[in-house]
Enquirer: 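Below you'll find the structure I mean.
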Amino acid sequence: MIKTRFAPSPTGNLHIGGARTALFNYLYAKHVGGVFVLRIEDTDIERSKDEYTRDILEGLTWLGMQWDEGPHFQKERMDIYREHAMRLLNEGKAYKCYCSAEMLEEKRRVALKEGRKPNYDRTCRNLKEDRKDQPFVIRFKSPVDGEVSFEDRIRGKITFKCEELDDLVILRTDNTPTYNFTVVIDDALMGITSIIRGDDHINNTPRQILIYEALNYRMPEFAHVPLIHGKDKGRLSKRHGATSLLEYRNDGFLPEALMNYLARLGWAYGDQEVFAKQDLIEKFDLKNVGKSPSIFDMDKLLWLNGHYLKTLPEVEVATRLESFLENRGIKVTDRAKLIPVVINLRDRAKTLKEMAEMAAFFFTDDFPYDENAKNKFLTASTKPILERFLNEFASLSKFDENEQRRIFETMAQDGGKKLVEVIQPIRVALCGRTVSPGIFEVVSILGRESVTKRIQKAIALIA
RNA sequence: GUCCCCAUCGUCUAGCCUGGCCUAGGACAUCGGCCUUUCAAGCCGGCAACGGGGGUUCGAAUCCCCCUGGGGACGCCA
């Protein structure tokens, strides 16, 4: 049974990079019929915050990655880690180190400055006496020579010389365990078989392998996925926009689009661009994951989002649009309007937020006029057009497109104008702006009463 | 500084493992055109890449080496 996990630390929001790592774990697990575990790595008491945990859980849920197990919290497992540390200590595979953090920091600084590698010099490794009253950390005894290598599912064989590795701290002065230690214990105890994570962890892998061996636990397979970079090629950060996945939700992105986009970032399946979730589960595989870092491209995400806006069932989009309208303070009293509005706007909007902005005027007669549009199209010279339209419209017996078209064409002909010249003033009167769905559609959706009211209001505005 | 990783259009990528089908394919963006009541959407077309140098081979984007460039890691953070 394949088991994967996503193990974020709640020291920040769930960002794009984390979400992608989670997605690869999720997809791989689902692809092979395995289990996807969620674990919160909150051993850093200082920086961990509940609000971040909430953000992570909500983000994963929104994207549609339901975990099968967890969330486990490391905070609740401290005793387990301590027992393991004691076990290694008793077996002579770890030792107490009394060096002060300040002193080590100074040594590191000097080493770096002199161009040496800033590794711990193992001062306390062979200490015989037990200094009972002095604070200490527990360090793992790393082999002095030899090498460690592993077969990465994405990159192939990776080898490190042991001399590059130093004796890492596994238990701090305050009796709390460190990352490289807890991660091994948890992954082993939780039966994780496949560790898929960012390639910033490649360097940690040999240390972790050594700990697996010391603890005599079964070794999982590793797959290191490249990081996502910003436009400037640097690591993705706040500077590049959204810091939380949930901001994308609030900006009107669809989880379907984001999942699709994230999956295609660093992974491909021939020339296919559009993948529904089930499709991803069927086709995703580690062997198609690329090795080089990719750059987050908002334009492509927008395109995909637009695509899903156009292809998802109308009712589905309508429901989501309604909450975005509410966010703008618009109560949808006439639900029946929602569907035709979506049908007319889905080709024009890239996001739900944008769609809500474009849809607002459909739901209230009390909408604002775009200043430029008003100045240009609601003037003394266009007033006759509005008045004539009002009359013709009132005498309209049927309400279909042909009848409407006849009015506009007659008006254009009589006035020696182009169709667009008579339509634009009407459009501004009805929508408050020069950009909208087709004028016939607008009229039909608004209905007789509302159209009349809006035209009258516009005429009054001019007078 | 040391170690590790990476390298195809501006971007995401296919092709690389198992050399010839590659005059390097698709998508986004961009530019032109068509359609048209505005704006989109849609359709058609254009521009655009194998980082450099050595090998190996009849033949290299594909295999090997070096260089360069980029990224990551070197914590009592995760």
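By convention in this document, chain letters (A, B, ...) are assigned in the order of the sequence lines, proteins followed by strands, and residues within each chain are numbered from 1.
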Enquirer: Only counting residues at least two apart or in another chain, list the ones meeting side-chain hydrogen bond (donor to acceptor under 3.5 Å, both in side chains) with A:Asp174.
Expert: A:Thr176
Enquirer: Could you give the CZ-to-P distance, from A:Phe150 to B:C5, as a whole number of Å?
Expert: 8 Å
Enquirer: Provide the distance between the two P atoms, one in B:C64 and one in B:U57, to the nearest whole Å.
Expert: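 That atom pair is separated by 16 Å.
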Enquirer: Go through the structure and list residues passing side-chain hydrogen bond (donor to acceptor under 3.5 Å, both in side chains) with A:Asp55, not counting sequence neighbours.
Expert: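 Here the qualifying residues are A:Ser244.
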Enquirer: What interatomic distance, in whole Å, is found between P of B:U8 and the corresponding atom of B:A49?
Expert: 14 Å
Enquirer: To the nearest angstrom, how far is A:Phe140 atom CZ from B:C76 atom P?
Expert: 16 Å
Enquirer: If you check every side-chain atom of A:Phe160, which of B:A78, B:A41, B:C3 has the closest atom?
Expert: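 That would be B:C3.
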Enquirer: Counting side-chain heavy atoms from CB outward, which of B:G75, B:C4, B:A78 is closest to A:Asn180?
Expert: B:A78
Enquirer: Which protein N or O atoms sit under 3.5 Å from an N or O of nucleotides 27-32 of chain B?
Expert:
{"residue": "B:A27", "atom": "O4'", "partner": "A:Glu273", "partner atom": "OE2", "Å": "3.2"}
{"residue": "B:A27", "atom": "N3", "partner": "A:Lys300", "partner atom": "NZ", "Å": "3.2"}
{"residue": "B:C28", "atom": "OP1", "partner": "A:Trp303", "partner atom": "NE1", "Å": "3.4"}
{"residue": "B:C28", "atom": "O2'", "partner": "A:Lys300", "partner atom": "N", "Å": "3.4"}

Enquirer: Rounded to the nearest angstrom, tell me the gap between atom CG in A:Asp199 and atom P in B:G71.
Expert: 13 Å
Enquirer: Tabulate protein N/O versus nucleotide N/O from nucleotides 35-37 of chain B, keeping only pairs under 3.5 Å, one per line.
Expert:
{"residue": "B:U37", "atom": "O2", "partner": "A:Arg427", "partner atom": "NH2", "Å": "2.6"}
{"residue": "B:U37", "atom": "N3", "partner": "A:Ile439", "partner atom": "N", "Å": "3.4"}

Enquirer: Separation of A:Asn203 atom CG from B:C3 atom P, in whole Å?
Expert: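 So the two atoms are 12 Å apart, to the nearest Å.
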Enquirer: In whole angstrom, what separates A:Glu163's CD from B:C74's P?
Expert: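 Going from CD in A:Glu163 over to P in B:C74 covers 19 Å.
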Enquirer: For B:U2, take OP1 and OP2 only and decide whether either is under 4.0 Å from a side-chain N or O of A:Arg108.
Expert: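 For A:Arg108, the contact criterion (side-chain N or O under 4.0 Å from OP1 or OP2 of B:U2) is not met.
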Enquirer: Within a strict 4.5 Å, meaning less than it, do heavy atoms of the A:Tyr308 and A:Asn260 side chains meet?
Expert: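 Yes, their side chains come closer than 4.5 Å.
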Enquirer: Taking the six-membered ring for Trp, is the centroid-to-centroid distance between A:Phe24 and A:His31 below 6.0 Å?
Expert: no
Enquirer: I want to know whether A:Trp267 and A:Phe284 have ring centres closer than 6.0 Å.
Expert: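 So the answer is yes for these two rings.
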Enquirer: Nearest-nucleotide wise, let me know which of A:Asp166 and A:Arg116 is further upstream toward the 5' end of RNA chain B.
Expert: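 By nearest-heavy-atom nucleotide position, the 5'-most residue is A:Arg116.
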Enquirer: Not counting sequence neighbours, list each pair that qualifies as a salt bridge (charged side-chain N to carboxylate O under 4.0 Å, His left out) and has a residue in residues 416-434 of chain A.
Expert: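 Qualifying pairs, neighbours excluded: A:Glu357-A:Arg433.
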Enquirer: Using whole Å, what does the distance between atom P of nucleotide B:G71 and atom CD1 of A:Ile295 come to?
Expert: 10 Å
Enquirer: Give a yes or no on whether the ring-centroid distance for A:Phe150 and A:Phe222 is below 6.0 angstrom.
Expert: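 That pair passes the under 6.0 Å test.
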Enquirer: Out of B:C5, B:G42, B:C12, which has the shortest distance to the side chain of A:Arg264?
Expert: B:C12
Enquirer: Counting side-chain heavy atoms from CB outward, which of B:G1, B:G72, B:C12 is closest to A:Leu227?
Expert: B:G72
Enquirer: Applying salt bridge (charged side-chain N to carboxylate O under 4.0 Å, His left out), can you list everything that pairs with A:Asp285, at least two apart in sequence or on another chain?
Expert: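 Expected list: A:Lys287.
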